[in-house]
Undergrad: 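Got a structure for you, written out below as structure tokens; questions coming shortly.
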Number of protein chains: 2
Amino acid sequence: MPLKIGELARLAGCQVVTIRYYEKEGLLPPPERTDSNYRLYGDAAVERLHFIRRCRLHGMNLAEIRDLLAFKDNPSVSCAWINDLVDKHIADVERQIASLQHLKMHLEALRHACAGDHREGCGIIDTLDHGSPCTCCEEEHCCLNDGQGPFSLRRSSGKTTSAQQK
Amino acid sequence: MPLKIGELARLAGCQVVTIRYYEKEGLLPPPERTDSNYRLYGDAAVERLHFIRRCRLHGMNLAEIRDLLAFKDNPSVSCAWINDLVDKHIADVERQIASLQHLKMHLEALRHACAGDHREGCGIIDTLDHGSPCTCCEEEHCCLNDGQGPFSLRRSSGKTTSAQQK
DNA sequence: GTTGACTCTATAGTCGCTATAGGCACTACG
DNA sequence: CGTAGTGCCTATAGCGACTATAGAGTCAAC
């Protein structure tokens, strides 16, 4: 028996809007509709959405997932590129871990710059003002010196707490 | 001798547009202008921009930097909240590292599912289809089972309220 | 018949930039 | 003097993967 979008969302552990978004992006085919224009999904859609969500949880982006789905639908070439894709992701994740470990070191150095509870002369502000007292990486390739950043500066790192209750 | 925006950008290791963006966002004050409407920056702006960039390299977002600048400009309260802020970032980074290490494990399990160079029966696709063969975390709290994700799949909603509350 | 949960479409916002378009200012060269 | 090349100006749109909001229709239960 076909599912409405809310039921599908619950099954897949995602939001209703996310499913509509995937449809708009061409990852999910346009489903049947009821007389009152509600979307109706069958088993195939459930599996496809699960596949997509698992890919997302493995860090794949939507373009990569599109390619994986296309291959799944019609494996016209060898799957070797999928191995390469996963290898690339592993390398990427390793890079990110290394960057974050480096960043953590800097943050801890920063943290130790102030024991504080005062208005003037906060050691953290001073350090941010004049450069790191940490000598771990005076080298050019250090994230704080080479303009590259510990991780892409485009990524917001403020993701926290409020993200997903319910 | 005042600097033009391009010179300032070179000094700070960022893009010209980024400086204009910071101005629009209120992190940098509107500078003087030449007769031909070019921005002119003095030493104070150089230092302020360096401060901002160092904060960014430490993973702070613009809202947090705004708060830090406000404190720097006028330290009307104790700096204790800055320590808390840095602690929060350290905890955050640790969480991200743990998540990524977990993700890496999953990706490696995925990678081992296929040695492949074939069209049908790619082990990676199968795994993404039917779930992980990895037994490391059958538990509910595993990122691949609990809908939480190895890192937040909802990046944008991590928006915390302004850092310097209280 | 009214509430409340669910669904629909459409649009805008998130974050920290990046890219593009169209035009003005300045310098160097011929 | 004209022109080429660079830099600067404003304004607007785009990125990725959603999230949030508005306004309206649908449906089951009371």
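Note that this is a predicted model, so its numbers are computed, not measured.
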Undergrad: Does A/Arg39 place a side-chain N or O at less than 4.0 Å from the phosphate oxygens OP1/OP2 of C/dT7?
TA: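 Checking C/dT7 against A/Arg39, no side-chain N or O comes under 4.0 Å of OP1 or OP2.
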Undergrad: For A/Thr34 and for B/Arg20, find the nucleotide of DNA chain D with the closest heavy atom, then tell me which residue's nucleotide is more 5'.
TA: B/Arg20
Undergrad: Are B/Leu11 and B/Tyr38 co-members of a hydrophobic cluster defined by side-chain heavy atoms under 4.5 Å apart?
TA: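 No.
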Undergrad: Toward the 5' end of DNA chain C, which comes first, B/Lys4 or B/Val17, by nearest nucleotide?
TA: B/Val17
Undergrad: State, yes or no, whether a side-chain contact exists between A/Tyr22 and A/Leu62 at a heavy-atom distance under 4.5 Å.
TA: yes
Undergrad: Please state how far atom CG in A/Leu57 lies from atom P in D/dA17, giving the value in whole angstrom units.
TA: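 Distance, rounded to whole Å: 13 Å.
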Undergrad: Send over the distance from A/Leu49 CG to D/dC18 C1', rounded to a whole Å.
TA: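 So the CG-C1' distance, A/Leu49 to D/dC18, works out to 14 Å.
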Undergrad: With a non-hydrogen cut-off below 4.0 angstrom, is A/Glu25 in contact with a base, only sugar-phosphate, or nothing?
TA: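 Nothing: the residue A/Glu25, judged by heavy atoms under 4.0 Å, touches no strand.
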Undergrad: Pick out the pairs of N or O atoms, protein on one side and nucleotides 2-5 of chain D on the other, that lie under 3.5 Å.
TA:
none

Undergrad: Can a side chain N or O of B/Arg56 be found less than 4.0 Å away from OP1 or OP2 on C/dC17?
TA: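 Answer yes for this pair, as a side-chain N or O of B/Arg56 is under 4.0 Å from OP1 or OP2.
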Undergrad: Send over the distance from B/Asn37 CG to C/dG23 P, rounded to a whole Å.
TA: 17 Å
Undergrad: To the nearest Å, give me how far apart NZ (A/Lys24) and C1' (C/dC8) are.
TA: 15 Å
Undergrad: Say whether B/Arg48 and B/Tyr41, considering side chains only, have a donor N or O and an acceptor N or O under 3.5 Å apart.
TA: no
Undergrad: Drop me the distance from B/Lys4's NZ to B/Arg10's CZ, to the nearest 0.5 angstrom.
TA: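 Answer rounded to 0.5 Å: 9.5 Å.
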Undergrad: For C/dC17, does OP1 or OP2 lie under 4.0 Å from any side-chain N or O of B/Tyr22?
TA: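 Yes, within the criterion.
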Undergrad: Tell me if the side-chain of A/Tyr38 makes a donor-acceptor pair with the base of D/dG25, cut-off 3.5 Å, by modelled atom types.
TA: yes
Undergrad: Which whole-number value in Å describes the distance from B/Tyr21 OH to D/dC9 P?
TA: 18 Å
Undergrad: Check the distance between C/dC6's P and A/Leu8's CG and give it to me in whole angstrom.
TA: 15 Å
Undergrad: Can you see if the side chain of B/Arg66 gets near the phosphate of C/dC15 - specifically, an N or O under 4.0 Å from OP1 or OP2?
TA: no
Undergrad: Should A/Glu64 and A/Lys88 count as an ion pair when the cut-off is N to O under 4.0 Å?
TA: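 So A/Glu64 pairs with A/Lys88 through a salt bridge.
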Undergrad: Within this structure, what is the CE-to-P distance between B/Met60 and C/dC17, rounded to whole angstrom?
TA: 14 Å
Undergrad: So, is A/Ser36 near the phosphate of C/dC8, with a side-chain N or O under 4.0 Å from OP1 or OP2?
TA: no
Undergrad: Could you state the atom-to-atom distance from CG of B/Leu40 to P of C/dA25 in whole Å?
TA: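 So the two atoms are 15 Å apart, to the nearest Å.
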Undergrad: Taking all non-hydrogen atoms of both residues into account, name the closest pair between B/Glu23 and B/Pro31 and its distance.
TA: OE1-CD, 3.5 Å
Undergrad: Does C/dT9 have OP1 or OP2 sitting under 4.0 Å from an N or O in the side chain of A/Arg33?
TA: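 For C/dT9, OP1/OP2 do have a side-chain N/O of A/Arg33 under 4.0 Å.
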Undergrad: How far does CD1 of A/Ile52 sit from CD of A/Glu25, to the nearest 0.5 angstrom?
TA: 11.0 Å
Undergrad: Quick check: do A/Glu32 and A/Arg39 have side-chain heavy atoms less than 4.5 Å from each other?
TA: no
Undergrad: Under 4.0 Å between a side-chain N or O of A/Arg53 and OP1 or OP2 of D/dA17?
TA: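 No.
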